Novice: 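Got a structure here, written out as structure tokens. Questions coming.
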Amino acid sequence: MLLALDDALSTAVLAGRGADAEIFGVIDLTSKIEARIGAISLGRAIQFVANASVLGYDVRGAMVLYGLPGTPSLRKWDCDRLWAQYGGALLQA
């Protein structure tokens with residue numbers, strides 16, 4: 001069942017990779033405050049969260065919101081898995 005949920009999530013994310021997304025819960029480690037990140041594409045949001053720790057951000061509590069209200073948010077581990085699995089395909093429109 002978990003594999004089916006992962007496949008459904010992956011399919012939905014790939015289909016909507018160009019849709020607008022918002023990122024919340026990213027902490028700038030220099031200033032210790034939440035970073036304000038404007039609306040970006042879902043694919044770029046996943047890329048950012050998956051790689052932000054090397055840029056000086058704490059993303060352990062990050063959430064990527066996208067799609068219609070009620071669509072489950074993506075957490076750090078979702079972004080890590082999706083970026084590792086699909087990488088650059090998430091950035092293609």
Side-chain angles (χ1 to χ4, degrees):
M1 182 69 168
L2 185 56
L3 184 59
L5 290 175
D6 283 346
D7 288 345
L9 175 66
S10 297
T11 300
V13 165
L14 284 171
R17 65 186 171 247
D20 286 341
E22 295 182 83
I23 306 171
F24 296 96
V26 175
I27 306 299
D28 182 328
L29 293 175
T30 303
S31 64
K32 306 290 189 228
I33 60 172
E34 185 170 0
R36 302 206 28 91
I37 301 167
I40 59 176
S41 72
L42 177 57
R44 293 215 180 272
I46 292 168
Q47 177 191 30
F48 177 81
V49 172
N51 296 302
S53 61
V54 299
L55 300 173
Y57 295 99
D58 179 355
V59 290
R60 290 176 291 175
M63 295 183 340
V64 176
L65 303 178
Y66 69 101
L68 298 172
T71 301
S73 61
L74 300 175
R75 303 303 298 232
K76 167 71 171 140
W77 57 86
D78 297 316
C79 293
D80 289 344
R81 183 184 60 78
L82 288 163
W83 184 250
Q85 190 170 5
Y86 299 106
L90 292 167
L91 303 179
Q92 299 172 358

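All of these numbers come straight from a predicted model, not from anything done at the bench.
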Novice: Taking side-chain contact (heavy atoms from CB on, under 4.5 Å) as the definition, give me every residue that meets it alongside Thr30, ordered by chain and number, with sequence neighbours left out.
Specialist: Asp28
Novice: When you look at Ile27 and Ile33, which way does the side-chain contact (heavy atoms from CB on, under 4.5 Å) test go after all the steps?
Specialist: CA-CA 5 Å; Ile27 306 299; Ile33 60 172; over 6 Å; no
Novice: Can you give each donor-acceptor pair under 3.5 Å made by side-chain atoms of residues 35-44, sequence neighbours left out, with the distance rounded to 0.1 Å?
Specialist:
from	atom 1	to	atom 2	distance (Å)
Ser41	OG	Arg44	N	3.2

Novice: Apply side-chain hydrogen bond (donor to acceptor under 3.5 Å, both in side chains) to Glu34 and list each qualifying residue two or more places apart in sequence or on a separate chain.
Specialist: none
Novice: Less than 4.5 Å apart, side chain to side chain, heavy atoms only: is that true for Ile23 and Val59?
Specialist: no
Novice: Kindly write out the residues that satisfy ring-ring contact (aromatic ring centres under 6.0 Å, His included) with Phe48, not counting sequence neighbours, or none if the list is empty.
Specialist: Tyr57
Novice: Sorted by first residue and then second, give each side-chain hydrogen bond (donor to acceptor under 3.5 Å, both in side chains) pair with at least one member in residues 64-73; sequence neighbours left out.
Specialist: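 Every pair satisfying side-chain hydrogen bond (donor to acceptor under 3.5 Å, both in side chains) with a residue in residues 64-73: there are none.
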Novice: Can you list every salt bridge (charged side-chain N to carboxylate O under 4.0 Å, His left out) pair that touches residues 54-78, not counting sequence neighbours?
Specialist: Asp58-Arg60, Lys76-Asp80
Novice: Got a second to check how far Leu90's CG is from Gln47's CD, nearest 0.5 Å?
Specialist: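 Going from the CG atom of Leu90 to the CD atom of Gln47 covers 9.0 Å.
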Novice: For Phe24, what are the other residues in its hydrophobic cluster, where any two members join if their side-chain heavy atoms are less than 4.5 angstrom apart?
Specialist: Met63, Leu65
Novice: Check whether any side-chain heavy atom of Ser10 lies under 4.5 Å from a side-chain heavy atom of Arg81, and answer yes or no.
Specialist: yes
Novice: Would Trp83 end up clustered with Trp77 when hydrophobic side chains under 4.5 Å apart are linked, directly or stepwise?
Specialist: no
